[in-house]
Amino acid sequence: MELKVRIVAASYRREDVAVELFGRTEDNRSVTVLYRGFRPHFDVIEPDDIYLKHLKDAGQFVSSEEKKLWYEGSYRNALRIYVRSPWEVPNLKKMTDKPVLAADIPFHHRFIYDMDLGACTSVTGEINSKEEKNFTTEMVIDATAFSQCEQFNPPLKILSFDIENSIQTQEIYVIGYAIYDGSSYVKGAITGSEKEILQKFVELISREDPDILTGYNIDGYDLPLIEDRMKKHGVRFAIGRDDGIPRRIQNQYWRVHGRVISDTWWNVKKILHPKNESLNAVAKEMLGEGKDNINRLKIEEEWQARRQEVIEYCIKDAYLTLEIFMKLRVPERSMFMASVSKLPLEDVMNGGTSNYVDSILIREADRMDVGVPLTVYRDKGDAITGGYVKSIGAGIYRNVIVLDFKSMYPSMIIKYNICFTTLNPEGQIIAPNGIRFLSPDVRQGLIPKILKDLMQQRDDVKAKMKRSDPKDRAFYDGIQNAVKVLMNTFYGVLASSFYRFTNPEIGAAVTAFARNTITGLIEKLISEGNKVIYGDTDSIFIESGNESLEETVRYGEMLSEKLSREENLSLEFEKVFDPFFSHGAKKRYAGKIVYPYDQAGTTLVRGYEVRRTDSFDLQSEALSKVFSLILDNKPDEAVAYAREIVEKVQRGEGIPISKLVISRSVKDVREYEKKESHNLANVRVAKKMLEMGETFVPGMKVSWIVTNGKKTPQEVEPYIEGNQFPYTPDWSYYAKRLEETLSRVTEGIDQQSESRLGNKNGQVTLDSY
DNA sequence: CGTAATCGGGG
DNA sequence: GTGTACGATTACG
């Protein structure tokens, strides 16, 4: 039989060294695919006989094959060695002094690369009916062959769960869940004795057989706690598709055979960067709905007094989490990324980006007989020089055109044939940092070739997208966007300090070419009479001399068209700001978008941190107000407002204490003792609260007011909502902090404001009031 | 100023 | 499991 499968996760088992692929078929069934007989292998440059003897003595040698591999600038004699046990390879690679290549590739990846599997793959095989292992999937297949197939996004089954447990005793009261299978939601809760809850939880996952497990902060909270309670009750934490148990990787995320464990909290952080990352805040923001009203800090009492409400609350948390997960389109986006990088979903969702590059690059290297070096650790210290950033003068600018290079770094790599396979002192292409590359007609670089293919692939997909009907359009758009991400990832790993193909000189050559390109262009623009006000890496900001928006847009279109043609590069006219403001620091600006028209009216603030964890409400409110006045073309009012509010705070007039509150959470007070961290304001506040007889539970957020900021450490007093605050805030401290924040911005408006709100060094002179 | 430690979410 | 893998912020030296 033949099945088309979207691979969710890949692994292997030791017993018979069978590779296990788990996934969902095109007709929406979960499946386990087993393949036996694949051998681990790695390459050694010019090995000696004694090494082969050692391998044989260790009972690991299976066979070998002579190769010629491109290694450090030339083709060398190499031996591809096939061995018995994947888990022995780390030891075997240490048993020789000769260069060992491709000996740190996880076995299931080696399999996927060698078989050239895609994220979706056509599997030929037979139903396995006598498999003794307890797989939870609908089918188990013994595979005999694999072939390419088109990519598809099946409706994955996702299970979100949440626990309520005692803070005092850790006992789990209830596990709530919500399941989405692509068409409908199912919700429920598991109650009973703790042991029953745990057993039923394992049964639920085994019966429902979800592809993805999620929840809010499950990586760091729910899963460790469940693991702990399972151990206590002697229940096997068997939630894998092979009946296996999950393991925590690097004290961070979790891995279990056959499923993806993806914490919604992490996805929220990565995609949304919200100021407040709590489930309640994120749900309100995204879904317009918050959590139920349960006092989590008194969960024991709540469980006794209003059990049913706690259960409902628990289910709701699981459901809200699932909705957020879906609304962020995590599964969909990950499937697109998996398709273009040809990886199982799990590697995309939980692995690092170097996986993407490995998957594409190692396959191509194998086809071209290029040796695949091991990952070596380099000093992180000498980071390469990055992009060019033009300094910007303080002020308000009108009708600012933004031009963007399309895929700047990939274009540089292709144009100058930049690659570890073309690096050569005889090369005709000389990078600004002095290193040389062979020209493409002498030797086409591996990475440039891959990027060229990816660019072509992206253009093809975009063209297809235009021709297709609306329902397919979103699919192609997802693919083309993932290709773009993948292309940029290639530069990312070249510049990173640890990747198998990393060479700092090569990364530096890419950015050096890019800097030359953009500075050359800026010079040209200026020589033609343009007012270039700013630029960063791959963008150029020009203050158009035109009065009207229509003229500005026409001018922007003309510039991008003319420059792209004249300079033979791809420069896009991206947007127009009006007004555009900066106080004179790189990477910090704010502007109102007026073009493209569908974004008109949006305010874009870059680099100015309106939200800071240690800021008080008044600070962020005042800063936002100042920005909005500036961008409404009322700079004078902005300066006046800033001045007024600072004065008010200095005098302590009419400012509600609540707007000065600084909050932060505190772990168990004892955890800070040994680390000399008791100077931390939040820790001191927690201690004071305990002394005052206030409720303090480890992990709780505490709030305080600074009463003397001049002392070290500063004096702080707990702020307890609802209670009268019996101390006087250090008004000067607050005025100073507020002024530091506001003056940085108002300084930029004009020269006079500098004397009004502070001096040029950013130092504050309160005397001026 | 650069580096090491801590936090955030969860109950 | 042939894998070293959070980002931003703050305190400390």
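Naming convention: chains lettered A, B, ... in sequence-line order (proteins, then strands); numbering from 1 in each chain.
Cation-pi check for A:R14 over A:W87 is met; the charged atom lies under 6.0 angstrom from the ring centroid and within 45 degrees of its normal.
Annotation: the span from A:I261 atom CD1 to A:L159 atom CG amounts to 11.0 Å, rounded to 0.5 Å. A distance of 7.0 Å separates CZ of A:F22 from NE2 of A:H257, quoted to the nearest 0.5 Å.
Of the side-chain N and O atoms in A:Y216, none sit less than 4.0 angstrom from OP1 or OP2 of B:dG11. Residue A:K291 places at least one side-chain N or O closer than 4.0 Å to OP1 or OP2 of B:dG11.
A:I218 comes within 4.0 angstrom of nothing in the nucleic acid, heavy atoms only. Counting non-hydrogen atoms under 4.0 angstrom, A:R14 reaches a base of the nucleic acid. Residue A:N165 is in sugar-phosphate contact alone, with no base atom involved, counting any heavy-atom pair closer than 4.0 Å across all strands shown.
Rounded to whole angstrom, the span from the CG atom of A:N276 across to the C1' atom of B:dC7 amounts to 14 Å. At whole-Å resolution of the value, CZ in A:R110 and P in C:dT2 are 12 Å apart. With rounding to whole Å, A:D263 atom CG is found 14 Å from C:dC6 atom P.
Nucleotides B:dG11 and C:dA8 place their P atoms 25 Å apart, quoted to the nearest Å. For the P atom pair drawn from C:dA5 and B:dG10, the interatomic distance equals 28 Å after rounding to whole Å.
A salt bridge links A:E302 with A:R306; the closest basic N to acidic carboxylate O contact falls under 4.0 Å.
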